[in-house]
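Report on the structure given below.
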Amino acid sequence: MNEIPDRTQILRWLHENNPDQLDALWRRADEVRRVYVGDAVHLRGLVEISNHCVRKCAYCGLRVSNRSVARYRLSALEILDAARKAAALGCGTVVLQSGEDPGITVDWLGNVIRAIKSETALAVTLSLGERSKEELAQWRQAGADRYLLRFETSDPNLFNAIHPARAGNIGVRSREGHPRIAILRTLRRLGFETGSGIMVGIPGQSIESIAEDISVFRELNLDMIGIGPFIPHPATPLGGACDRARSSPAHARTLMTDPELMAYKTVALSRLVRPDANIPATTALATINKQNGRELGLRRGANVVMPNCTPLKYRKLYEIYPAKACIDENTQDAGESLSARLQRIGRHAGSGSGRRNPFVHLAAP
Ligand code: SAH
């Protein structure tokens, strides 16, 4: 039933702004979602284990050059406690996310992963940035199931501009040389379920490059695809660039007119090209549209939500972008209102770890 759109059709949809036409896209993505992954919404408890970061990403508030951030790293016991709370909330998976923090060592995190796996039935997802093959292999051996690493954009020039290479490394020259795409291939070889994704609405990002990103999702056969609108952070170079662009007509064309809408289109098209993937309605969507960004994501192709399970006192310090949704919600309240909100749109919280089901993949037309 799902005819996978080709490159030309993807581009046409990304340029489409007629609400009636777009309704057809939302309906199609929602139907493909229902047929391939069902009405269950899998909950992944997000635990932001450290905001230390050695990188200088031009989009992210945790960049090393932002001296105004009070840095923290959770203890092993705090992580374990947060994981237990995630399980109690109905999450089948805990996602351990951080800046790129060399203080998170192979052995220390390996022990944390082993403790979570022995004490709970949770699947463990890591999202710790660009780590070496050896480190990734050891975390896989310790029991980590999945890894999330967004390639952010497949456009080599834009990626170089927003994500400076580490000292001594050269920038990207071609899509094939994209360091994050190379790591995604390594993760797959190591047996991780592999997730990636992009930001939508980065200053200077073209609609053509988003069409290319969606083709990459398909080629990489991703298990998970995370898409969020870019949200300017004032303490970053891209935050400043956005301010300048808004006040200068000459620069205004580097900004996408409606990143929120473009993000929904990208979610819907990602569902069409990777029908059985796990696709979250991201926190960035819930932030850009606090009223119903999450629900709209879920009705336009998404099937996963990631409640924030970071201990409250650290949550506001993990400021990758400002005014993040859930910054001061109590984890428990978030869970209760979440199931009510899911019911209202005819969905329910999933049970089990909610891994991508390869049998569905094989059996589906
Ligand atoms: N250090 C890890 C985790 C980063 S946070 C890594 O680099 O993979 C997870 C995601 O948040 C990033 O991959 C990026 O896509 C998103 N993000 C960061 N800054 C953002 C911003 N200003 N607006 C929207 N999304 C942002």
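Whatever order the structure lists them in is the order used to number ligands and atoms, beginning at 1.
With R27 as the fixed residue, the side-chain contact (heavy atoms from CB on, under 4.5 Å) test singles out one of L25, D30, D23: D23. No option in K56, R63, R166 other than R166 meets the salt bridge (charged side-chain N to carboxylate O under 4.0 Å, His left out) test with E100.
Taking E135 as the reference, R131 meet the salt bridge (Lys or Arg N to Asp or Glu O under 4.0 Å) condition, with sequence neighbours excluded.
Using modelled atom types and a 3.5 Å distance limit, the side chains of R71 and S50 yield no donor-acceptor pair. For the residue pair N303/N278, the side-chain donor-acceptor check at 3.5 Å is satisfied.
Residue G129 approaches ligand 1 through these ligand atoms, each under 4.0 Å from one of its heavy atoms: 2 (C), 6 (C), 8 (O). Of all atoms in ligand 1, numbered sequentially from 1 with element shown, those under 4.0 Å from a heavy atom of R150 are 13 (O), 14 (C), 15 (O), 16 (C). Close approach of ligand 1 to G99 (heavy-atom distance below 4.0 Å) involves ligand atoms 1 (N).
Considering backbone and side-chain atoms alike, S127 places every N or O at 3.5 Å or more from each N or O of ligand 1. Checking only distances, Y59 does come within under 3.5 Å of ligand 1, N or O to N or O. Of the N or O atoms in S98, one or more lie within a sub-3.5 Å distance of an N or O in ligand 1.
At the top of the distance list for atom 23 (N) of ligand 1, counting protein heavy atoms only, stands I231 N, 2.9 Å. Looking from atom 11 (O) of ligand 1 to the surrounding protein, the closest heavy atom is I320 CD1, 3.6 Å. Scanning the protein for heavy atoms near atom 9 (C) of ligand 1, the closest one is Q97 NE2, 3.6 Å.
Transitive grouping of hydrophobic side chains (ILVMFWY, heavy atoms separated by less than 4.5 Å) brings I225 and F151 into a common cluster.
Ligand 1 is never approached by K324 to a heavy-atom distance shorter than 4.0 Å. For P229, the closest heavy-atom approach to ligand 1 falls below 4.0 Å. Residue E152 places a heavy atom less than 4.0 Å from ligand 1. Not a single heavy atom of G197 sits closer than 4.0 Å to an atom of ligand 1.
With contacts defined as side-chain heavy-atom distances shorter than 4.5 Å, the pair T93/V124 does not qualify.
Sorted by first and then second residue, the ring pair (Phe, Tyr, Trp, His ring centres under 6.0 Å) pairs with a member in residues 257-307 form an empty list; sequence neighbours excluded.
Residue R55 does not touch ligand 1, judged by heavy-atom distances below 4.0 Å.
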